[in-house]
2 protein chains.
Amino acid sequence: MTAAPTTRRPTRQRAAIAEVLAASAGFQSAQELHAQLQSSGTRVGLATVYRALQAMATDGEADVRRTDDGEAVYRACSEGHHHHLVCRVCGRTVEIDGPAVERWTAQVSAEHGFSDVDHTLELVGTCADCR
Amino acid sequence: MTAAPTTRRPTRQRAAIAEVLAASAGFQSAQELHAQLQSSGTRVGLATVYRALQAMATDGEADVRRTDDGEAVYRACSEGHHHHLVCRVCGRTVEIDGPAVERWTAQVSAEHGFSDVDHTLELVGTCADCR
DNA sequence: ACCGAAGGTGAGAACGATTGTCAATCTCAT
DNA sequence: ATGAGATTGACAATCGTTCTCACCTTCGGT
């Protein structure tokens with residue numbers, strides 16, 4: 001859980017995947033990432049994308065989350081994080097920053113004796129234009 | 001997404017499913033629930049179990065959560081809306097109530113002109129016992 | 001109580017994301 | 001350069017979940 005038991009070698013594919021992941025702000029599924037690589041001309045197998053993402057998640061280089069329909073989505077771990085307010089009709093997305101929420105989560109976590117707490121917050125509503 | 005426009009009829013199967021769900025304390029997958037019904041002699045189709053659980057979740061009668069491997073697990077929802085603090089190691093779950101978060105989301109939503117905003121917040125960390 | 005209409009059910013097929021398989025390929029240390 | 005072992009990729013195999021469709025129930029009117 002703390003170290004990488006299996007030796008991990010640097011490869012062209014891993015680098016490409018890490019790069020694409022780091023380049024985008026939000027969470028992406030393995031399939032989306034694979035599609036991006038394809039369209040950018042980088043030929044990488046889908047299975048490899050899955051394996052690389054899992055490895056990164058295990059090594060703490062990526063965050064994993066499950067969408068409502070069970071798809072696994074990944075995000076580069078170190079980047080600053082924010083949340084999204086999504087319109088359920090047109091899909092418009094607003095990035096929001098929630099210092100208040102961050103503070104609250106930290107407090108609640110501590111109260112229950114939890115450490116290394118990560119959080120996911122998503123707001124879904126109807127935007128002014130779609131009302 | 002906000003109301004249940006489709007009329008929902010009471011049936012033997014729905015009742016059985018709701019009962020089993022209410023009878024157990026923790027989260028269960030649709031498959032586990034189905035197995036329980038089978039062994040207790042209640043004959044219900046797996047597809048029906050899935051449909052019923054989804055309906056209950058939509059109607060706010062059940063809580064849904066995704067396990068790390070993407071399986072959907074359900075639990076009877078006591079009442080009111082709350083969030084979860086889940087241990088990433090042992091899966092222990094603490095229900096938390098976040099008036100501060102509720103307030104914050106309402107405010108942010110209003111600021112951006114969004115209405116009927118729903119939110120999902122999940123905290124994942126390592127509990128004291130698993131540290 | 002009887003009927004037609006619309007929702008509900010169940011068995012099995014279909015789906016789609018993810019994982020396993022295995023020969024070919026690539027990296028690293030020697 | 002070379003051999004050992006990690007990595008890759010095309011494809012098959014899993015497995016939870018959803019779809020299809022013919023049959024069964026419940027509901028509202030009569």
Side-chain angles (χ1 to χ4, degrees), chain A residues 3-21 26-59 61-75 120, chain B residues 1 3-21 26-59 61-75 88 91:
Chain A
T6 317
T7 27
R8 200 142 279 164
R9 290 180 182 169
T11 65
R12 167 179 74 73
Q13 292 87 339
R14 292 256 172 86
I17 292 167
E19 189 183 332
V20 173
L21 191 65
F27 282 93
Q28 298 170 91
S29 69
Q31 313 252 3
E32 290 170 338
L33 236 120
H34 180 244
Q36 273 187 52
L37 287 167
Q38 292 281 300
S39 60
S40 76
T42 312
R43 203 160 158 288
V44 178
L46 179 57
T48 300
V49 175
Y50 274 104
R51 285 185 290 235
L53 288 174
Q54 277 176 2
M56 293 181 71
T58 304
D59 295 352
E61 294 165 32
D63 273 346
V64 202
R65 185 169 83 74
R66 290 274 175 180
T67 61
D68 282 346
D69 56 308
E71 210 179 355
V73 285
Y74 301 80
R75 154 183 90 177
T120 307
Chain B
M1 251 357 133
T6 318
T7 29
R8 199 143 281 164
R9 290 178 183 171
T11 65
R12 168 180 73 76
Q13 292 86 338
R14 293 254 170 92
I17 293 167
E19 189 182 333
V20 172
L21 192 65
F27 282 94
Q28 298 169 92
S29 69
Q31 313 249 5
E32 290 170 336
L33 227 107
H34 180 245
Q36 273 187 53
L37 287 166
Q38 292 281 298
S39 60
S40 77
T42 312
R43 202 159 158 289
V44 178
L46 179 57
T48 300
V49 174
Y50 274 104
R51 283 185 290 234
L53 288 175
Q54 277 177 0
M56 292 181 71
T58 305
D59 295 352
E61 294 166 32
D63 271 346
V64 202
R65 183 168 86 74
R66 289 275 174 179
T67 61
D68 281 347
D69 56 306
E71 208 180 356
V73 285
Y74 302 80
R75 173 181 68 178
R88 63 167 65 89

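First the proteins, then the strands, lettered A, B, ... as listed; each starts at 1.
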Student: Whole angstrom is fine here: how far is it from CG in A/Leu53 over to P in D/dT8?
Tutor: 12 Å
Student: Could you check how far CG of B/Leu46 sits from C1' of D/dT18, rounded to whole Å?
Tutor: 10 Å
Student: Within the pair B/Gln13 and C/dG10, is there a side-chain N or O less than 4.0 Å away from OP1 or OP2?
Tutor: yes
Student: So, for A/Val64 and A/Ala57, which heavy atoms are closest and what is the spacing to 0.1 Å?
Tutor: CG2-CB, 3.4 Å
Student: I'd like to check the side chain to side chain contact (heavy atoms under 4.5 Å, CB included) partners of B/Ala18; sequence neighbours left out, ordered by chain and number.
Tutor: B/Met56
Student: The criterion is side chain to side chain donor-acceptor pair (under 3.5 Å); which residues satisfy it with B/Gln28, sequence neighbours excluded?
Tutor: B/Ser24, B/Gln36
Student: C/dT18, D/dG9, D/dT17: which one has an atom nearest the side-chain heavy atoms of A/Thr48?
Tutor: D/dG9
Student: Report the residues that fulfil side chain to side chain donor-acceptor pair (under 3.5 Å) with B/Arg9, sequence neighbours left out, ordered by chain and then residue number.
Tutor: none
Student: Is it true that a side-chain atom of A/Thr58 and a backbone atom of A/Gln54 form a donor plus acceptor pair closer than 3.5 Å?
Tutor: yes
Student: Please find the pair of heavy atoms, one from B/Leu33 and one from B/Ile17, that lie closest to each other, and give the distance.
Tutor: CD2-CG2, 3.7 Å
Student: Run the ring-ring contact (aromatic ring centres under 6.0 Å, His included) test against B/Tyr50 and tell me which residues pass, sequence neighbours left out.
Tutor: none
Student: Indicate every side-chain donor-acceptor pair of residues 66-73 of chain A with a distance under 3.5 Å to a residue at least two apart or in another chain.
Tutor:
unit_1  : atom_1 : unit_2  : atom_2 : d
A/Arg66 : NE     : B/Asp68 : O      : 3.3
A/Arg66 : NH1    : A/Gly70 : O      : 2.9
A/Arg66 : NH2    : B/Asp68 : O      : 2.9
A/Thr67 : OG1    : A/Asp69 : OD1    : 2.9
A/Thr67 : OG1    : A/Glu71 : N      : 3.1
A/Thr67 : OG1    : A/Glu71 : O      : 3.4
A/Glu71 : OE2    : A/Ser29 : OG     : 3.4

Student: Show me the dot-bracket string of DNA chain C, counting Watson-Crick or G-U pairs under 3.5 Å, with | for pairs to another strand and [ ] for crossing ones.
Tutor: ||||||||||||||||||||||||||||||
Student: With sequence neighbours left out, write down each residue that passes side chain to side chain contact (heavy atoms under 4.5 Å, CB included) with B/Ala16, or none if nothing qualifies.
Tutor: B/Leu37, B/Thr42
Student: Could you state the CG-P distance from A/Leu33 to C/dA17, rounded to the nearest angstrom?
Tutor: 14 Å
Student: According to side chain to side chain contact (heavy atoms under 4.5 Å, CB included), who are the partners of B/Ala35, at least two apart in sequence or on a separate chain?
Tutor: none
Student: Let me have a per-nucleotide readout for nucleotides 19-30 of chain D, 5' to 3', with B, S or -, counting only protein heavy atoms under 4.0 Å.
Tutor: BB----BBS---
Student: Please give, in whole Å, the distance from D/dG9 C1' to A/Ile17 CD1?
Tutor: 12 Å
Student: What integer distance in Å separates B/Gln31:CD from D/dT18:C1'?
Tutor: 12 Å
Student: Can you list everything that forms a side chain to side chain contact (heavy atoms under 4.5 Å, CB included) with B/Ala15? Sequence neighbours excluded, please.
Tutor: none
Student: What is the separation between atom CD on B/Glu71 and atom C1' on D/dC15, rounded to the nearest whole Å?
Tutor: 9 Å
Student: Expressed in angstrom and rounded to an integer, what is the separation of A/Met56 atom CE from D/dT7 atom C1'?
Tutor: 16 Å
Student: Closest approach of B/Leu21 and B/Tyr74, non-hydrogen atoms and distance?
Tutor: CD1-O, 3.8 Å
Student: Using a cutoff of under 3.5 Å, can you pull out all pairs of nitrogen or oxygen atoms linking the protein to nucleotides 2-4 of chain C, with atom names and distances?
Tutor:
none

Student: Starting at the 5' end of DNA chain D and moving along, which residue's nearest nucleotide shows up first, A/Val49 or B/Arg66?
Tutor: A/Val49
Student: From the set D/dT17, C/dT18, C/dG10, return the single nucleotide nearest to any side-chain atom of B/Arg43.
Tutor: C/dG10
Student: In this structure, how many angstroms lie between the C1' atom of D/dC15 and the OH atom of B/Tyr50, rounded?
Tutor: 9 Å
Student: Contact class for B/Gln54 vs. all strands (heavy atom < 4.0 Å): base, sugar-phosphate, or nothing?
Tutor: sugar-phosphate
Student: Any side-chain N or O of A/Arg14 below 4.0 angstrom from OP1/OP2 of D/dA6?
Tutor: no
